[in-house]
Participant: 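Handing you this structure, nothing more for now.
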Amino acid sequence: MNKKNIILVMVFTISQVFFFSGNAQEEESRLERLKSQKVAFLTERIGLSTEDAQKFWPVYNEMAEKMDKLWKEKKENIKRLYHSDEPLSEAEKEAAIDQHISYELKKANLEKEYHEKFKKILTIDQVIKLYGAEHEFKKKMLHLIKGGKSSSCSDCDNDNEPDRMPSKT
């Protein structure tokens, strides 16, 4: 599984867990703050110029939306498979597992498609930095969610890390 997709799935999952409480408006506000932190973090780590950023972020956001849609489909499939109120027939179980594999293939194809798009916008060094920065951002967010202080993450590089998870305001 590509690091980029793992990171996107983790960020989406983290946002779902983190934003589980509160009303929809508060959740949307917190999600927007998290997205803003990610944009700033990745922009700095990749070393995007203003011109590069104008080309890169629409493509990246398009990919993220497609990945979120796939994740929601997978989540519904998992819910049906593991948490259904009614027992599934053998055929329904097989179809659900086949959908899981189909999801993974779609995700891999999206990764490949956007990897090629990123290479047209960024230098290969910036593409490498993108994948590393996505992984680093996810790692930092997981550390903060687990209750760690930003300065106590021994696996994290503390330069330019998000200061804290967005709080309820």
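The chain is numbered in sequence order, starting from 1.
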Participant: Tell me every residue that passes side chain to side chain contact (heavy atoms under 4.5 Å, CB included) with E76, counting only those two or more places apart in sequence or in another chain.
Facilitator: K79
Participant: For L81 versus A96, what's the shortest heavy-atom pair and its separation?
Facilitator: CD1-CB, 3.8 Å
Participant: Side chains of M141 and K38: closer than 4.5 Å at any heavy-atom pair?
Facilitator: no
Participant: Quick check for you: to the nearest 0.5 Å, what is the distance between F137 atom CZ and L142 atom CG?
Facilitator: 10.5 Å
Participant: Quick one: are F118 and I124 in side-chain contact, heavy atoms under 4.5 Å?
Facilitator: no
Participant: Please list all pairs meeting salt bridge (Lys or Arg N to Asp or Glu O under 4.0 Å) that have one or both residues in residues 117-127, counting only residues at least two apart or in different chains.
Facilitator: E62-K117, E113-K117, E116-K119
Participant: Take R45 and E134 through the test salt bridge (charged side-chain N to carboxylate O under 4.0 Å, His left out) and record every step on the way to the result.
Facilitator: CA-CA 9 Å; R45 291 296 172 140; E134 286 177 319; over 6 Å; no
Participant: To the nearest 0.5 Å, what is the distance between CG (N61) and NZ (K35)?
Facilitator: 7.5 Å
Participant: Looking at OH of Y131 and CD1 of I46, how far apart are the two atoms once the value is rounded to the nearest 0.5 Å?
Facilitator: 10.0 Å
Participant: Can you tell which of K66, E65, M67 makes a side-chain contact (heavy atoms from CB on, under 4.5 Å) with M63?
Facilitator: M67
Participant: Looking at every non-hydrogen atom in both residues, tell me the closest pair between A53 and P58 and how far apart they are.
Facilitator: O-CD, 4.0 Å
Participant: Let me see the working for K139 and E136 under salt bridge (charged side-chain N to carboxylate O under 4.0 Å, His left out), right down to the final yes or no.
Facilitator: CA-CA 5 Å; K139 198 162 57 170; E136 186 179 353; over 6 Å; no
Participant: For residues N77 and Q99, report the shortest heavy-atom separation together with the two atoms involved.
Facilitator: OD1-OE1, 2.7 Å
Participant: Between Q126 and L48, is there a side-chain heavy-atom distance shorter than 4.5 Å?
Facilitator: yes
Participant: When you measure from the side chain of T43 to the backbone of V39, do you find a donor-acceptor pair of N or O atoms at a distance under 3.5 Å?
Facilitator: yes
Participant: Taking S36 for its side chain and E32 for its backbone only, find out whether a donor-acceptor pair lies under 3.5 Å.
Facilitator: yes
Participant: Can you confirm whether K69 sits close enough to K106 that some side-chain heavy atom of one is under 4.5 Å from a side-chain heavy atom of the other?
Facilitator: no
Participant: How long is the straight-line distance from CG of D98 back to NZ of K93, given to the nearest 0.5 Å?
Facilitator: 14.0 Å
Participant: Let me confirm one number: the CD1-CG distance from I97 to L88, rounded to the nearest 0.5 Å.
Facilitator: 10.0 Å
Participant: OG of S29 to CG of L34: how many Å apart, nearest 0.5 Å?
Facilitator: 11.5 Å
Participant: Please check: side-chain N/O of E28 versus main-chain N/O of Q25, any donor-acceptor pairing under 3.5 Å?
Facilitator: no
Participant: Look at K74 together with E104 and state whether they make a salt bridge at an N to O cut-off of under 4.0 Å.
Facilitator: yes
Participant: Should K55 and E51 be marked as a salt bridge (charged side-chain N to carboxylate O under 4.0 Å, His left out) after you check the CA-CA gap, both sets of side-chain angles, and the distance that decides it?
Facilitator: CA-CA 7 Å; K55 294 175 188 173; E51 183 180 322; 3.4 Å; yes
Participant: Do the non-hydrogen side-chain atoms of L70 and Y103 ever get within less than 4.5 Å of each other?
Facilitator: yes
Participant: On the 0 to 90° scale, with breaks at 30° and 60°, tag the W57-Y60 ring pair as parallel, tilted or perpendicular.
Facilitator: perpendicular
Participant: Taking the side chain as every heavy atom from C-beta outward, state whether W71 and K75 have any pair of such atoms under 4.5 Å apart.
Facilitator: yes
